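Heads up, the thing below is written out as structure tokens.
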Amino acid sequence: MRDDVKPMFAANWKMHLGPDETETFVDRFGALHSARQDARVVFFPPYLSVGAFLASARTRPDLGVGVQDVHQEVNGAHTGAVSAPMAKQVGVGWALAGHSERRREFGDDDVTVAAKVARILEADLRPVLCVGETLEEREAGALEAVLSRQIEIVLASLAPDSLSLLTYAYEPVWAIGTGRTASPDDAAQAHTVVRREIGRCGGRDDAVILYGGSVKPGNIEELLEAPGVDGVLVGGASLDPESFAAICAGGG
Ligand code: PGA
């Protein structure tokens with residue numbers, strides 16, 4: 001973690017916690033976690049729980065809210081999809097793009113991810129661009145090539161003056177939901193590559209880069225100590241208020 005960067009703790013709830021459970025979560029988490037001036041906390045609930053989150057957290061402006069995905073167009077005949085301007089209208093501030101589960105399960109390729117990031121920026125939301133390699137890619141020595149491609153296609157498609165608005169998440173696919181966390185050295189090495197590629201493509205080389213993949217209370221400190229890790233994107237361990245509050249106390 002760098003001294004001059006506020007760490008970011010982001011919760012990706014995926015398809016967990018409906019509106020009722022969201023209310024219960026926010027009450028409990030709010031009691032456990034006091035606002036920190038020196039850190040940023042952002043939640044990505046499922047779409048249908050966003051309203052419940054915003055209502056339950058109305059006295060907690062320190063808790064940011066975002067959506068887990070948006071469609072690459074602003075409207076149209078796309079059954080089941082939600083667009084970035086719609087997310088903006090309900091009052092969220094953030095959106096993920098390119099999560100590996102979207103890439104794998106829904107076929108989001110790099111060009112689609114680039115279009116999604118563009119729509120997110122146009123809607124005046126802050127994008128978190130997720131990148132990361134599969135185990136096969138890592139074992140084939142393709143880590144740098146994969147990260148480079150995922151970053152370049154997106155950044156090359158955006159207006160240069162918007163590049164400073166991106167936050168990034170490095171999430172090795174083999175560490176997501178598997179209990180297998182990247183070692184702090186692995187994370188540091190990959191973050192160095194991500195940072196270099198961002199700089200090469202015209203982005204800010206001091207961009208905030210989160211690590212994601214089996215983050216839990218027991219490994220938060222060592223991950224935040226890894227050079228170049230500016231925060232975390234947490235799936236499973238963010239579903240429990242106690243465990244996510246313990247993570248959000250990290251680095252303090
Ligand atoms: P995990 O998920 O913490 O459950 O590994 C992280 C993510 O997919 O963002």
Side-chain angles (χ1 to χ4, degrees), residues 1-14 16-17 21-22 25-46 49-50 53-54 56-57 59-68 92-100 125-132 165-172 175-177 179 181-182 184 187-188 190-191 194 206-252:
M1 211 166 78
R2 293 172 285 158
D3 291 342
D4 54 336
V5 175
K6 262 193 189 189
M8 176 165 162
F9 300 93
N12 175 12
W13 284 356
K14 309 187 180 183
H16 296 284
L17 305 188
E21 296 150 313
T22 295
F25 181 101
V26 173
D27 285 352
R28 182 77 188 125
F29 181 80
L32 294 167
H33 175 82
S34 319
R36 279 180 66 173
Q37 298 303 321
D38 63 340
R40 195 194 279 285
V41 177
V42 182
F43 288 85
F44 295 90
S49 299
V50 164
F53 194 104
L54 291 167
S56 320
T59 58
R60 292 296 302 264
D62 59 303
L63 305 180
V65 189
V67 290
Q68 298 169 15
V92 306
W94 296 79
L96 301 179
H99 190 278
S100 61
L125 298 172
R126 300 205 49 183
V128 178
L129 171 63
C130 305
V131 298
L165 301 170
L166 271 70
T167 297
Y168 299 81
Y170 166 66
E171 300 202 299
I176 294 180
T181 318
H191 279 231
V194 171
D206 63 349
V208 168
I209 307 175
L210 314 178
Y211 166 80
S214 298
V215 175
K216 33 190 184 277
N219 59 24
I220 184 66
E221 293 300 343
E222 63 176 26
L223 285 166
L224 288 178
E225 273 162 26
V229 173
D230 302 318
V232 286
L233 179 55
V234 188
S238 73
L239 300 176
D240 171 61
E242 271 76 17
S243 112
F244 193 56
I247 289 172
C248 293

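Positions are given from 1 along the sequence. What you see is a predicted model; the values in this text were computed from it and never measured.
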>> Using the side chain to side chain contact (heavy atoms under 4.5 Å, CB included) criterion, which residues pair with Glu21? Sequence neighbours excluded.
In response: Leu17

>> According to salt bridge (charged side-chain N to carboxylate O under 4.0 Å, His left out), who are the partners of Lys14, at least two apart in sequence or on a separate chain?
In response: Glu101

>> Can you tell me how far apart CG (Leu166) and CD1 (Ile209) are? Round to the nearest 0.5 Å.
In response: 11.0 Å

> Going by the ring pair (Phe, Tyr, Trp, His ring centres under 6.0 Å) test, which pairs reach into residues 209-240, not counting sequence neighbours?
Replying inline: none

> Can you find a pair of side-chain heavy atoms, one from Val234 and one from Phe9, that are under 4.5 Å apart?
Replying inline: no

> If you take all heavy atoms of Val92 and Gly66, which pair is closest and at what distance?
Replying inline: CB-CA, 4.0 Å

>> I'd like to check the salt bridge (charged side-chain N to carboxylate O under 4.0 Å, His left out) partners of Asp62; sequence neighbours left out, ordered by chain and number.
In response: Arg60

>> Rounded to the nearest 0.5 Å, what separates atom NE2 in His191 from atom CG in Leu210?
In response: 7.5 Å

> Would you call Asn12 and Ser238 a side-chain contact if the rule is heavy atoms closer than 4.5 Å?
Replying inline: no

>> Please enumerate all residues that pass salt bridge (charged side-chain N to carboxylate O under 4.0 Å, His left out) together with Arg126, with sequence neighbours excluded.
In response: none

>> Which residues pass the side chain to side chain contact (heavy atoms under 4.5 Å, CB included) test with Pro184, not counting sequence neighbours?
In response: Glu222, Ala226

> Are the side chain of Thr181 and the backbone N or O of Ser214 linked by a donor-acceptor pair below 3.5 Å?
Replying inline: yes

>> List the residues meeting side chain to side chain donor-acceptor pair (under 3.5 Å) with Glu171, not counting sequence neighbours, and say none if there are none.
In response: His99

> Rounded to the nearest 0.5 Å, how far apart are CG of Leu223 and NZ of Lys216?
Replying inline: 9.0 Å

>> For Asp206, give me all partners under side chain to side chain donor-acceptor pair (under 3.5 Å), at least two apart in sequence or on another chain.
In response: Arg204

Please list every donor-acceptor pair under 3.5 Å in which a side-chain atom of residues 241-250 meets a protein atom from a residue at least two apart or in another chain.
from   : atom 1 : to     : atom 2 : distance (Å)
Glu242 : OE2    : Arg28  : NE     : 2.7
Glu242 : OE2    : Arg28  : NH2    : 2.7
Ser243 : OG     : Ala237 : O      : 2.4

>> If the condition is side chain to side chain contact (heavy atoms under 4.5 Å, CB included), which residues does Ser100 pass it with, not counting sequence neighbours?
In response: Val173, Ile176

>> Applying ring pair (Phe, Tyr, Trp, His ring centres under 6.0 Å), can you list everything that pairs with Phe25, at least two apart in sequence or on another chain?
In response: Trp13, Phe29, Phe43

> Judged by atom type as modelled, is there a donor-acceptor pair below 3.5 Å linking the side chain of Glu221 to the main-chain atoms of Gly251?
Replying inline: yes

>> Would you compute the distance between atom CG of Leu125 and atom CG of Leu165 and round it to the nearest 0.5 angstrom?
In response: 11.0 Å

> So which pairs with a foot in residues 34-46 pass side-chain hydrogen bond (donor to acceptor under 3.5 Å, both in side chains), sequence neighbours left out?
Replying inline: Arg36-Asp38

> Between Ser49 and Thr22, what is the shortest heavy-atom contact and its length?
Replying inline: CB-OG1, 3.3 Å

